[in-house]
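Naming: A, B, ... by sequence-line order, numbering from 1 per chain. Everything numeric in this text was worked out from a predicted model, so none of it was measured.
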2 protein chains.
Amino acid sequence: MKLTVRGEYALRALTHLGLRYSPKVIQISVISSAENIPKRFLEQILNDLRTGGFVESRRGVAGGYRLAKPPEKIVIAGVIRHIEGALAPIGCVSENYYEKCNCPDEARCALRSIMKEVRDSIAHLLEKTTLANLVTRAEKLKAADLADADFVI
Amino acid sequence: MKLTVRGEYALRALTHLGLRYSPKVIQISVISSAENIPKRFLEQILNDLRTGGFVESRRGVAGGYRLAKPPEKIVIAGVIRHIEGALAPIGCVSENYYEKCNCPDEARCALRSIMKEVRDSIAHLLEKTTLANLVTRAEKLKAADLADADFVI
DNA sequence: GAATCCTTGATTGAATGGATCGAGATTCTA
DNA sequence: TAGAATCTCGATCCATTCAATCAAGGATTC
């Protein structure tokens with residue numbers, strides 16, 4: 001699994017929306033400047049997240065984006081699969097994006113067997129992590145940071 | 001972590017050499033046809049593995065490649081790092097190939113914290129796996145396959 | 001010294017990734 | 001109902017990476 005900038009932006013944008021989860025929508029430009037993401041590019045990514053059913057949008061003057069379901073229901077593995085594709089490090093061990101490799105005999109391939117373990121460990125971690133979890137982490141990290149600041153003063 | 005075809009070939013070639021570990025060298029063309037790897041490309045890859053200290057070569061008529069050290073001493077994580085680069089799914093959590101990301105505050109980044117866990121789990125698996133381990137897997141898979149064949153007869 | 005094989009670097013062609021643009025659709029508001 | 005704000009969608013661009021091939025050259029052995 002490799003997270004490209006695109007996937008990173010997607011997850012950061014979702015976290016932004018998760019931290020402010022409400023029926024109100026948030027504009028692209030707000031997310032763009034808060035998260036330091038090129039606006040045009042983010043536009044593309046949010047639209048893609050909409051297609052995937054992770055966010056929903058509202059057009060027009062008071063338009064913007066919001067989560068399509070509560071943060072607890074948004075699984076990180078699902079987001080990454082939608083944006084980036086396979087979690088597996090190599091196609092021949094992917095469950096959702098299987099691709100045949102050109103080794104002489106896949107069933108007897110030692111490389112495949114170790115890569116399968118890698119895939120499983122990645123998938124296990126990301127399947128059990130939801131956006132709610134990311135949001136909690138973000139809040140805790142912020143709180144810890146504020147505590148540090150107090151301490152310094 | 002993403003394993004490209006290049007890395008796959010490298011590990012398959014090493015496994016080939018590991019299964020036949022001896023002072024004798026094996027020709028590129030032999031590995032190439034046994035493992036179904038384009039010869040010219042394999043040439044490039046083996047040369048790269050030589051630079052990394054994983055194999056050594058012998059020129060001339062009876063030339064070829066062999067492992068530069070016993071299979072137990074060749075760690076898969078090291079091979080992948082040399083051929084592909086970082087194990088981490090994103091640069092900002094890589095230990096050996098760190099790259100700054102453009103998020104507003106790296107220390108408070110929730111994404112970073114979950115990706116760090118992914119990195120650690122990948123690294124842990126691949127650090128403890130040696131070529132000797134891969135070779136053993138290959139032998140077992142072959143044996144199991146033969147047993148199946150017997151059973152069918 | 002000829003055959004064989006490794007060495008090195010250049011090159012190519014395709015795919016991917018990051019990013020931008022422009023025109024269109026939709027919604028609100030004055 | 002005109003127009004401004006905002007999302008929508010497809011096209012395009014540029015740089016980089018990947019996979020693969022090629023060519024010339026050097027080393028080694030028989």
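- Listed by chain and number, the residues in a ring-ring contact (aromatic ring centres under 6.0 Å, His included) with A/Tyr65 amount to none (sequence neighbours excluded).
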In residues 46-58 of chain A, what donor-acceptor pairs under 3.5 Å come from side-chain atoms, sequence neighbours left out?
residue: A/Asn47; atom: OD1; partner: A/Arg50; partner atom: NE; Å: 3.1
residue: A/Asn47; atom: OD1; partner: A/Arg50; partner atom: NH2; Å: 2.5
residue: A/Asp48; atom: OD1; partner: A/His82; partner atom: NE2; Å: 3.0
residue: A/Thr51; atom: OG1; partner: A/Asn47; partner atom: O; Å: 3.1
residue: A/Glu56; atom: OE2; partner: A/Arg66; partner atom: NE; Å: 3.0
residue: A/Glu56; atom: OE2; partner: A/Arg66; partner atom: NH2; Å: 3.3

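- Among residue pairs with one or both ends in residues 83-103 of chain A, none qualify as ring pair (Phe, Tyr, Trp, His ring centres under 6.0 Å); sequence neighbours excluded.
- Protein atom CG of B/Asp48 is 11 Å distant from nucleotide atom P of C/dT8, rounded to whole Å.
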Side chains of residues 123-130 of chain A: which donor-acceptor pairs under 3.5 Å do they make with residues two or more places apart or in other chains?
residue: A/Glu127; atom: OE2; partner: A/Arg81; partner atom: NH1; Å: 3.1
residue: A/Glu127; atom: OE2; partner: A/Arg81; partner atom: NH2; Å: 2.9
residue: A/Thr129; atom: OG1; partner: A/Leu125; partner atom: O; Å: 2.8
residue: A/Thr130; atom: OG1; partner: A/Ala132; partner atom: N; Å: 3.3
residue: A/Thr130; atom: OG1; partner: A/Asn133; partner atom: N; Å: 3.3

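- Here salt bridge (charged side-chain N to carboxylate O under 4.0 Å, His left out) pairs that include residues 8-30 of chain A, with residues two or more places apart or in two chains, are A/Glu8-A/Arg12, A/Arg12-A/Glu35.
- Sorted by residue number, the list of members of residues 80-89 of chain A with any non-hydrogen atom under 4.0 Å from DNA chain C is empty.
- For A/Lys116, the salt bridge (Lys or Arg N to Asp or Glu O under 4.0 Å) partners are A/Glu95, not counting sequence neighbours.
- For C/dT7, one of the phosphate oxygens OP1 or OP2 lies less than 4.0 angstrom from a side-chain nitrogen or oxygen of B/Arg50.
- For the segment residues 28-46 of chain A, residues with any heavy atom less than 4.0 angstrom from an atom of DNA chain C are, sorted by number, A/Pro38, A/Arg40, A/Phe41, A/Gln44.
- One hydrophobic cluster, built from ILVMFWY side chains closer than 4.5 Å, cannot hold both A/Val25 and A/Leu17; they sit in different ones.
- With hydrogens and angles left out, the side-chain atoms of B/Thr4 and B/Glu84 include a donor and acceptor closer than 3.5 Å.
- Residues B/Tyr65 and A/Gly7 both approach DNA chain C. Their nearest nucleotides, taken by heavy-atom distance, put B/Tyr65 toward the 5′ side.
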Tabulate atom names and distances for all N/O pairs under 3.5 angstrom spanning the protein and nucleotides 26-30 of chain C.
residue: C/dT26; atom: O4'; partner: A/Arg59; partner atom: NH1; Å: 2.9
residue: C/dC28; atom: OP1; partner: A/Arg58; partner atom: NH2; Å: 2.5

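- B/Arg66 places its CZ atom 14 Å from the C1' atom of C/dC6, with the value rounded to the nearest Å.
- Where DNA chain D meets chain B (any atom under 4.0 Å from a heavy atom), the bounding nucleotides read 5' to 3' are D/dA19 to D/dT29.
- Under a cut-off of 6.0 angstrom, the local environment of NZ in A/Lys39 is sparse, with at most 12 non-hydrogen atoms contributed by other residues, nucleotides or ligands.
- Residues that satisfy the salt bridge (Lys or Arg N to Asp or Glu O under 4.0 Å) test with A/Arg59, not counting sequence neighbours, are absent from this structure.
- Listed by chain and number, the residues in a ring-ring contact (aromatic ring centres under 6.0 Å, His included) with B/Tyr21 amount to none (sequence neighbours excluded).
- Under the 4.0 Å criterion applied to side-chain N and carboxylate O atoms, A/Lys142 and A/Glu139 are not assigned as salt-bridge partners.
- Counted within 6.0 Å of CD on B/Glu106, heavy atoms from surrounding residues, nucleotides or ligands total more than 12; the atom is thus considered enclosed.
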